[in-house]
Asker: 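Structure provided below as structure tokens; questions to follow.
Order of the sequence lines sets the chain letters (A, B, ...), proteins ahead of strands, with each chain counted from 1.
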Amino acid sequence: MIRRRPALAWVAAAAAALAVALFAGWWQVDGPGARRPNDLRPLPLSAMQFSLTDDNGRAAGPHTLIGRPTMLFLGFTYCPDVCPTTLADISGWLEALGPAAAQRINAVFVTVDPERDNRRAMADYVAHFHPAIRGLTGPAVQIDRLVQGLRADYRKVPLEAGGYTMDHTASVFLFDAAGGFVTTIDAHEPREFALPKIRRAMGDPQ
Amino acid sequence: MIIFRQTAIAAVALLLPFAAIAETPDIAVDRPWARATIGAARPGAVYLRLRNDGAEAATVTALRTDVAAMAEIHRSSTTAEGVSSMAPAGPVTVEPGATVTLEPGGLHAMLMGLTAPLNEGDRFTLTIVFADGGEIQVPVPVLGVAARGPEE
């Protein structure tokens, strides 16, 4: 009897330690301590630092965007499908909002492929879409700062036939005039969902 | 005369719910279009619908065109994190009675190594090759860079 007590204590201690470890694991993975998607919300533009150039050669950074609501899309001009489709969507939304609203919002297309997309390439490309859309490019390190601030992602992928393509976050990011993140519009979201989101970013009554 | 002809074509198109512009006995293709490209260095994309009226599944195994060194069906897809990527779709099978749609943001025929820029208003031929050796020649009109598809 006397000899068994320390053994029981050991078992109890081990069980307690296991319970603590399991609880700690649960807390961090599934419980209240879990990383929520909210932790991955894009930063406000005011908390970002990046220095790019638009297709007209003007400097573009958080300070040039803040003051007006911003609609921002990442892509690349060698993108045959998703990027022109989304830029056509954005053009359609700007047309639906009307010329006055289109002048009150920044609509920017930022390349994640500065190797091929210089200022001239961006100018040639955005010329085919709504005139309010500006094309931004710059050094990769500056683009990376913006992409990290957006909690977005991109990756260069070699093509079997030669050359490469880019995987990239294809959501449209919306910021209010103060630079605060409002929401995203997913690729191919129907217009009836997209327009109210843009109006919300613009602070307009719904 | 030209106006008359266009009206006649429009009238025929209205009469047919699926106005096939190219077909084999079993496969009908309609609504083909390509997006114009800026220069010839960038890849092009072709969209269309394939409908299988036959009793057997039909599988697209290859694409050919004079305007590009290589043509292949690719699929754009988006992960739960919102990251979009593009990869060869492999052989695409159209089941009997089914329609497969190549449309923006999904399946598309990617044209790589263009021999010349695709300019709005151009027209070229895309040959679709099936597993049974059958082929369809599809005339493809080139629409604008910002087009979303042919007018309804």
Side-chain angles (χ1 to χ4, degrees), chain A residues 37 40 42 73-92 95 112-113 116-117 120-130 133 147 150-155 157 159-173 184-189 191, chain B residues 33-48 62-63 67-90 101-114 117-120 140 142-150:
Chain A
L40 295 174
F73 175 64
L74 301 174
F76 62 113
T77 74
Y78 279 65
C79 167
D81 182 43
V82 167
C83 307
T85 301
T86 303
L87 286 170
D89 284 344
I90 293 173
S91 298
E95 260 167 47
V112 292
D113 183 17
R116 292 185 294 201
D117 290 339
R120 178 67 191 275
M122 295 304 282
D124 288 348
Y125 197 73
V126 297
H128 293 271
F129 298 94
H130 192 284
I133 299 174
V147 171
L150 294 170
R151 308 299 190 223
D153 208 1
Y154 74 93
R155 195 165 65 95
V157 182
L159 286 172
E160 258 180 52
Y164 63 91
T165 184
M166 306 294 295
D167 289 0
H168 61 93
T169 303
S171 310
V172 176
F173 294 86
T184 57
I185 304 171
D186 291 336
H188 320 309
E189 203 167 313
R191 179 175 293 195
Chain B
W33 66 284
R35 184 179 287 110
T37 63
I38 301 161
R42 293 179 175 81
V46 179
Y47 306 97
L48 49 79
L63 301 173
V67 301
M70 187 177 170
E72 192 172 55
I73 299 181
H74 282 212
R75 186 191 305 276
S76 297
S77 52
T78 305
T79 64
E81 291 75 38
V83 176
S84 166
S85 63
M86 194 177 65
T101 305
L102 277 60
E103 60 188 339
L107 290 172
H108 55 279
M110 180 143 143
L111 308 182
M112 291 161 282
L114 290 176
L118 300 180
N119 293 313
E120 186 171 355
V140 181
V142 179
L143 306 183
V145 175
R148 289 301 312 265

Asker: Would you confirm whether A/Thr169, through its side chain, and A/Ser171, through its main-chain N or O, come within 3.5 Å as a donor-acceptor pair?
Answerer: no
Asker: Please report the interatomic distance CZ(B/Arg35) to CG(B/Leu143), rounded to the nearest 0.5 Å.
Answerer: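 Spacing of CZ (B/Arg35) from CG (B/Leu143) equals 9.5 Å.
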Asker: Would you mind checking which part of A/Leu159 comes under 4.5 Å of any heavy atom in chain B, side chain (CB onward), backbone (N, CA, C, O), both or neither?
Answerer: side chain
Asker: Working to the nearest 0.5 angstrom, can you tell me the gap between A/Glu160 CD and B/Met112 CE?
Answerer: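 The distance works out to 9.5 Å.
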Asker: Do side-chain atoms of A/Asp167 reach the backbone of A/Tyr154 as a donor and acceptor pair under 3.5 angstrom?
Answerer: no
Asker: Relative to chain B, which segment of A/Asp81 carries a heavy atom at a distance below 4.5 Å: side chain, backbone, both, or neither?
Answerer: both
Asker: Among A/Ala187, A/Cys79, A/Gly75, A/Ala170, which has the most heavy-atom pairs under 4.5 Å with chain B?
Answerer: A/Ala170
Asker: Assess whether atom CZ of B/Arg75 is packed by more than 12 heavy atoms of other residues, nucleotides or ligands within 6.0 Å.
Answerer: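 Count not over threshold, so no.
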Asker: Looking at chain A, which one of B/Ser84, B/Gly113, B/Ser85 has the largest number of heavy-atom pairs inside 4.5 Å, strictly under?
Answerer: B/Ser84
Asker: With a 4.5 angstrom heavy-atom cut-off, could you sort out which part of B/Ala41 is near chain A: side chain, backbone, both or neither?
Answerer: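 For B/Ala41, heavy atoms of backbone and side chain both lie under 4.5 Å from chain A.
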Asker: Counting only heavy atoms closer than 4.5 Å, note whether B/Met70 contacts chain A via side chain, backbone, both or neither.
Answerer: side chain
Asker: I need the minimum non-hydrogen distance between A/Thr85 and B/Pro104, along with the two atoms involved.
Answerer: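 Between these two residues, the closest heavy atoms are OG1-CB, 3.3 Å.
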Asker: At a heavy-atom distance under 4.5 Å, which candidate from A/Pro80, A/Ala88, A/Ala152 has the highest pair count against chain B?
Answerer: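 Most heavy-atom pairs under 4.5 Å with chain B: A/Pro80.
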Asker: What residue, out of A/Thr77, A/Thr165, A/Val82, has the most heavy-atom pairs lying under 4.5 Å from chain B?
Answerer: A/Thr77
